Amino acid sequence: MIDVRVQADDFDPGAEIERLHAGRGDIGAVASFTGLVRGGDIVAMTLEHYPGMTERQLRAIADDAATRWPLDGIVIVHRHGRLLPGERIVLVAVASSHRAAAFEACAFLMDWLKTQAPFWKREESDEGDRWVEAKVSDDAAAARWQR
Amino acid sequence: MIDVRVQADDFDPGAEIERLHAGRGDIGAVASFTGLVRGGDIVAMTLEHYPGMTERQLRAIADDAATRWPLDGIVIVHRHGRLLPGERIVLVAVASSHRAAAFEACAFLMDWLKTQAPFWKREESDEGDRWVEAKVSDDAAAARWQR
Amino acid sequence: MIELLYFAWVRERIGKNGERLELPANVGTAAQLLDWLEARGDGYAAALADRPRLRLAINQIFAPLTAPVTAGDEIAIFPPVTGG
Amino acid sequence: MIELLYFAWVRERIGKNGERLELPANVGTAAQLLDWLEARGDGYAAALADRPRLRLAINQIFAPLTAPVTAGDEIAIFPPVTGG
């Protein structure tokens with residue numbers, strides 16, 4: 001099961017994790033990652049995206065992960081729109097028989113998503129708004145999966 | 001916040017993940033791992049543990065993780081008693097400002113827990129009961145964190 | 001015709017989400033397309049001047065500046081992505 | 001006195017969860033303790049014969065066979081752990 005969603009609404013990480021293994025007795029491991037808006041100087045963050053391409057890229061990233069590791073299911077949920085500090089932005093959850101595969105695929109999906117999914121973050125702060133710059137560290141994180 | 005629990009009762013991964021970041025705006029990432037009973041030939045699995053030492057070891061493992069990565073919170077919940085295929089066994093969830101720290105600490109905690117926490121699995125199958133043998137692969141996984 | 005889409009600060013500087021334009025006969029690559037768009041006005045120039053900070057997708061697939069562009073293409077221009 | 005605890009198949013083979021025993025004067029290390037216990041009967045022999053498959057904790061901390069044991073210690077004997 002590969003399920004990819006781009007939505008304005010919040011999501012429920014527990015329900016997504018549960019959905020990956022509910023009714024099955026063959027799944028030993030579910031690794032998940034929940035990304036949240038970090039506050040600090042930021043009042044809010046708005047995520048713009050490229051409808052159509054976003055879903056397509058997330059799906060391609062998930063399909064790629066499924067060829068690299070023995071996985072039983074992948075859920076990716078990514079929100080767009082205006083989000084406040086502490087709000088959930090993204091969930092990646094991966095089911096597998098093997099914990100190393102689940103962990104690695106989950107980290108891979110996040111690294112890949114950060115550099116390959118067409119989202120752009122605009123931060124609102126007391127000093128005004130600004131577009132978040134892409135991080136070199138994200139490119140480096142993604143590069144380690146290159147093959 | 002470091003929270004370590006050993007219990008017979010089931011737990012709620014979503015609630016534990018939420019608890020790690022609720023009311024805080026400074027946490028960017030929560031990585032989690034949920035371990036489940038895999039079926040196959042197994043009818044049920046019973047987890048025996050060493051009360052007192054188990055909590056102590058899990059706490060020590062969590063404290064160690066907190067010295068290795070910049071973490072904002074760790075939850076470890078491990079069940080004991082008789083569990084059926086598909087049931088949750090263990091949850092490790094880690095909050096951090098940084099996703100790599102959250103992922104690595106979560107993988108570290110699972111590897112360490114597998115080799116350092118005094119639990120023993122007994123599997124029930126149609127051919128009778130048997131104690132699960134420790135895996136060399138688990139020792140190898142734990143060894144990569146040695147320093 | 002080509003369908004152009006602009007995102008993030010590229011969108012803001014050009015001042016629109018996108019537009020449909022007739023592809024000139026002498027524009028055969030993404031690089032030539034950017035050169036041609038850049039000459040369309042100050043907003044375009046501000047948005048497209050700094051090529052190393054631009055990314056392109058042709059028909060929803062990331063593409064380099066050397067990629068060919070043809071009539072009917074959906075071509076998106078945007079900064080490096082920052083999701084996740 | 002020492003407090004002995006047995007887990008998993010060590011417990012099953014010895015036939016009890018644990019016991020309190022007087023530590024003999026000539027038992028100073030975990031290895032000597034296992035030698036002494038092993039001679040206490042068939043169950044003990046079956047549980048303790050295969051030393052590479054045994055793990056020890058003294059006062060709830062993993063300990064090697066060379067570790068000293070002293071009166072008052074809580075000493076647990078068990079197979080390699082298989083949690084998680």
Side-chain angles (χ1 to χ4, degrees), chain B residues 4 6 33-38 42 45-61 76-81 83 88-92 106-123 128-139 141-142, chain D residues 1-21 23 30 33-34 37-38 42-84:
Chain B
V4 163
V6 181
F33 180 88
T34 306
L36 305 147
V37 179
R38 264 202 288 167
I42 297 161
M45 169 176 284
T46 299
L47 274 143
E48 181 173 335
H49 77 117
Y50 180 175
M53 181 172 170
T54 311
E55 291 81 353
R56 187 185 182 130
Q57 284 294 98
L58 292 181
R59 179 85 205 186
I61 292 163
I76 303 176
V77 190
H78 202 304
R79 294 175 73 189
H80 60 82
L83 302 174
R88 284 178 276 266
I89 304 171
V90 62
L91 174 81
V92 169
C106 197
F108 165 84
L109 286 165
M110 276 307 303
D111 287 344
W112 225 230
L113 183 160
K114 286 248 175 199
T115 57
Q116 301 293 316
F119 286 98
W120 300 274
K121 286 184 183 134
R122 186 174 175 80
E123 292 176 347
D129 294 7
R130 68 174 195 94
W131 291 98
V132 174
E133 295 274 340
K135 286 191 205 134
V136 174
S137 63
D138 285 336
D139 287 333
Chain D
M1 300 289 277
I2 51 169
E3 175 89 29
L4 287 161
L5 298 170
Y6 310 127
F7 293 100
W9 50 255
V10 174
R11 171 179 55 70
E12 288 182 334
R13 290 177 192 175
I14 292 178
K16 51 184 113 176
N17 294 331
E19 57 196 316
R20 290 175 64 84
L21 293 175
L23 190 66
L33 176 68
L34 291 184
L37 285 172
E38 200 177 340
D42 288 350
Y44 291 92
L48 306 178
D50 192 359
R51 298 290 158 83
R53 294 183 67 211
L54 293 179
R55 297 293 180 270
L56 292 167
I58 300 178
N59 300 320
Q60 304 191 351
I61 294 168
F62 281 108
L65 285 172
T66 52
V69 296
T70 49
D73 283 348
E74 175 178 308
I75 301 164
I77 308 171
F78 45 75
V81 304
T82 56

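Model, not experiment: these values are computed from the prediction. Chain letters run A, B, ... following the sequence lines, proteins first and then strands; every chain starts at 1.
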From D/N59 atom CG to B/M53 atom CE, the distance as rounded to the nearest 0.5 Å: 10.5 Å

Closest-packed option against chain B by number of heavy-atom pairs under 4.5 Å, given D/A76, D/P79, D/A57: D/P79

Residue, of D/E12, D/E74, D/R53, that accumulates the most heavy atom pairs under 4.5 Å with chain B: D/E12

Toward chain D, the part of B/H49 with a non-hydrogen atom under 4.5 Å: backbone

Contact class of B/Q116 relative to chain D, heavy atoms under 4.5 angstrom: both

From B/K121, B/R122, B/E133, B/K135, residue fulfilling side-chain contact (heavy atoms from CB on, under 4.5 Å) relative to D/T82: B/K121

Which atom of B/P118 lies closest to which atom of D/V81, heavy atoms considered: CA-CG1, 3.6 Å

Nearest non-hydrogen partners of B/L113 and D/G84, listed with the distance: CD2-CA, 3.4 Å

Region of D/R11 that comes under 4.5 Å of a non-hydrogen atom in chain B: side chain

Neighbour count above 12 (heavy atom, 6.0 Å) for D/D42 CG: no

Side-chain heavy-atom pair B/R130, D/W9 within 4.5 angstrom cut-off: no

Aromatic ring pairing D/F7/B/W120, orientation class (parallel under 30°, perpendicular over 60°, tilted between): parallel

